[in-house]
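Scroll down for the structure; my scribbles are underneath it.
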Number of protein chains: 2
Amino acid sequence: MIIMSLDDRSDRIRHDSSVPVATQVARDIEKDIGAGRLVPDTRLPNELELAQQYGVARMTVRRAVAQLRDKGLVVTVHGRGSFVAPRDGETG
Amino acid sequence: MIIMSLDDRSDRIRHDSSVPVATQVARDIEKDIGAGRLVPDTRLPNELELAQQYGVARMTVRRAVAQLRDKGLVVTVHGRGSFVAPRDGETG
DNA sequence: AGACATTTGTACGTATGTATT
DNA sequence: AAATACATACGTACAAATGTC
């Protein structure tokens, strides 16, 4: 019997790839933003949830989010979470 | 009896400070560079040595070195080490 | 005010992979 | 082949900021 979470995303990650896992996670989240599945000004799942969904360590998620932050795609607030940044031209 | 390494620098780090340990290490190394104790184009002690000298974890040293890299003070080469960057205007 | 839960930040440890010498 | 050194990723713990009650 196979048990998996309702939001299991671990099959999107290849641990044997030359692309770092953190980058794979960042790209996957970025895809969700681009596709509108993650809407501006809404919060991302917290780091622990993302870690569980992707089947990776929290530090790996933090690196992924840092990459998205560097691209200006998300904004992180200590104690609150990381939010999808408003699109260019929108004030929020 | 007190035992300490010949190059113990752990007394320069305050673990109860609001300044992150990694930043304290970076500043201490930066001080050495500024004072000429670390010369351009010479290699820094490796991460494990720095970690032992400062009494911190290797990842903390890596963060410190990353900060110096972001400032352009050191250059890291995969498989070789981190080197004090040539001063502005020098070719190396 | 004070206590509590949630979430990110920092720091530690450890293991394995990859590149250079 | 071996030693050295950086890169990535796993885990764990506690601190700090935030929000709620």
Side-chain angles (χ1 to χ4, degrees), chain A residues 5 7-29 38 41-85 92, chain B residues 7-29 38 41-85:
Chain A
S5 143
D7 216 345
D8 185 282
R9 300 186 165 196
S10 58
D11 57 343
R12 306 185 187 184
I13 303 302
R14 285 179 46 210
H15 287 262
D16 60 347
S17 167
S18 67
V19 179
V21 174
T23 301
Q24 294 182 50
V25 172
R27 287 178 181 171
D28 196 71
I29 295 174
L38 288 173
D41 271 335
T42 61
R43 221 198 67 208
L44 265 58
N46 70 45
E47 295 174 342
L48 187 56
E49 282 180 300
L50 287 174
Q52 292 170 338
Q53 289 177 11
Y54 285 102
V56 302
R58 187 186 153 210
M59 286 308 298
T60 303
V61 167
R62 286 182 55 71
R63 281 189 201 175
V65 172
Q67 289 179 25
L68 297 174
R69 210 159 42 225
D70 288 344
K71 282 186 151 187
L73 292 176
V74 307
V75 177
T76 302
V77 183
H78 189 178
R80 295 225 298 131
S82 288
F83 300 81
V84 181
Chain B
D7 219 337
D8 185 22
R9 299 184 165 196
S10 59
D11 57 343
R12 306 185 187 184
I13 303 302
R14 285 180 45 210
H15 286 261
D16 60 344
S17 168
S18 66
V19 179
V21 173
T23 302
Q24 294 182 51
V25 173
R27 288 178 181 170
D28 195 72
I29 296 174
L38 287 173
D41 270 341
T42 60
R43 222 201 67 211
L44 264 56
N46 70 45
E47 294 177 344
L48 187 56
E49 285 177 334
L50 286 173
Q52 291 169 337
Q53 289 176 11
Y54 285 102
V56 303
R58 182 182 152 215
M59 286 308 298
T60 303
V61 168
R62 288 181 52 69
R63 285 186 198 174
V65 173
Q67 290 177 25
L68 297 174
R69 208 158 44 225
D70 287 348
K71 282 185 152 186
L73 292 174
V74 307
V75 177
T76 300
V77 182
H78 191 175
R80 293 198 45 222
S82 289
F83 300 81
V84 180

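Proteins get letters first, then strands, A, B, ... in listed order; numbering begins at 1 in each. Owing to the predicted nature of the structure, the values given are computational and were not obtained by experimental measurement.
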Requested in this report: Decide side-chain contact (heavy atoms from CB on, under 4.5 Å) for Val77(B) and Phe83(B); before the verdict, give the C-alpha distance in whole Å, the side-chain angles of both, and the deciding distance to 0.1 Å.
Outcome: CA-CA 8 Å; Val77(B) 182; Phe83(B) 300 81; 4.1 Å; yes

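In this structure, dA1(D) forms no base pair with any nucleotide, since neither Watson-Crick nor G-U wobble geometry is met with both distances under 3.5 Å.
Taking the side-chain hydrogen bond (donor to acceptor under 3.5 Å, both in side chains) definition, one finds that Thr23(B) meets it with Gln67(B), sequence neighbours left out. Every residue two or more places apart in sequence or in another chain that forms a side-chain contact (heavy atoms from CB on, under 4.5 Å) with Ser17(A) is listed here: Arg14(A), Val19(A), Gln24(A). Legend: residues meeting side-chain contact (heavy atoms from CB on, under 4.5 Å) with Arg62(A), ordered by chain and number and at least two apart, are Glu47(A), Arg58(A), Met59(A). With sequence neighbours left out, Asn46(B) forms a side-chain hydrogen bond (donor to acceptor under 3.5 Å, both in side chains) with no residue at all. Under the side-chain hydrogen bond (donor to acceptor under 3.5 Å, both in side chains) criterion, Arg12(B) pairs with Asp28(B), not counting sequence neighbours. Every residue two or more places apart in sequence or in another chain was checked for a side-chain hydrogen bond (donor to acceptor under 3.5 Å, both in side chains) with Arg80(A), and none qualifies.
For the segment residues 62-71 of chain A, residues with any heavy atom less than 4.0 angstrom from an atom of DNA chain D are, sorted by number, Arg63(A). Looking at residues 43-52 of chain A, you'll see Arg43(A), Asn46(A), Glu47(A) sit with a heavy atom under 4.0 Å from some atom of DNA chain C.
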Query raised in the report: Along nucleotides 13-21 of chain C, 5' to 3', which nucleotides get a B, which get an S, and which get a -, given that the test is a protein heavy-atom distance under 4.0 Å?
Result: S-B--BBSS

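Exactly one residue among Leu44(B), Val61(B), Leu73(B) makes a side chain to side chain contact (heavy atoms under 4.5 Å, CB included) with Ile29(B). That residue is Leu44(B).
We find that Asp11(A) and Arg9(A) are not joined by a salt bridge, their nearest charged nitrogen and carboxylate oxygen being 4.0 Å or further apart.
Atom-to-atom distance recorded for Leu50(A):CG and Ser82(A):OG is 8.5 Å, nearest 0.5 angstrom.
Rounded to whole angstrom, the span from the OH atom of Tyr54(B) across to the C1' atom of dA11(C) amounts to 17 Å.
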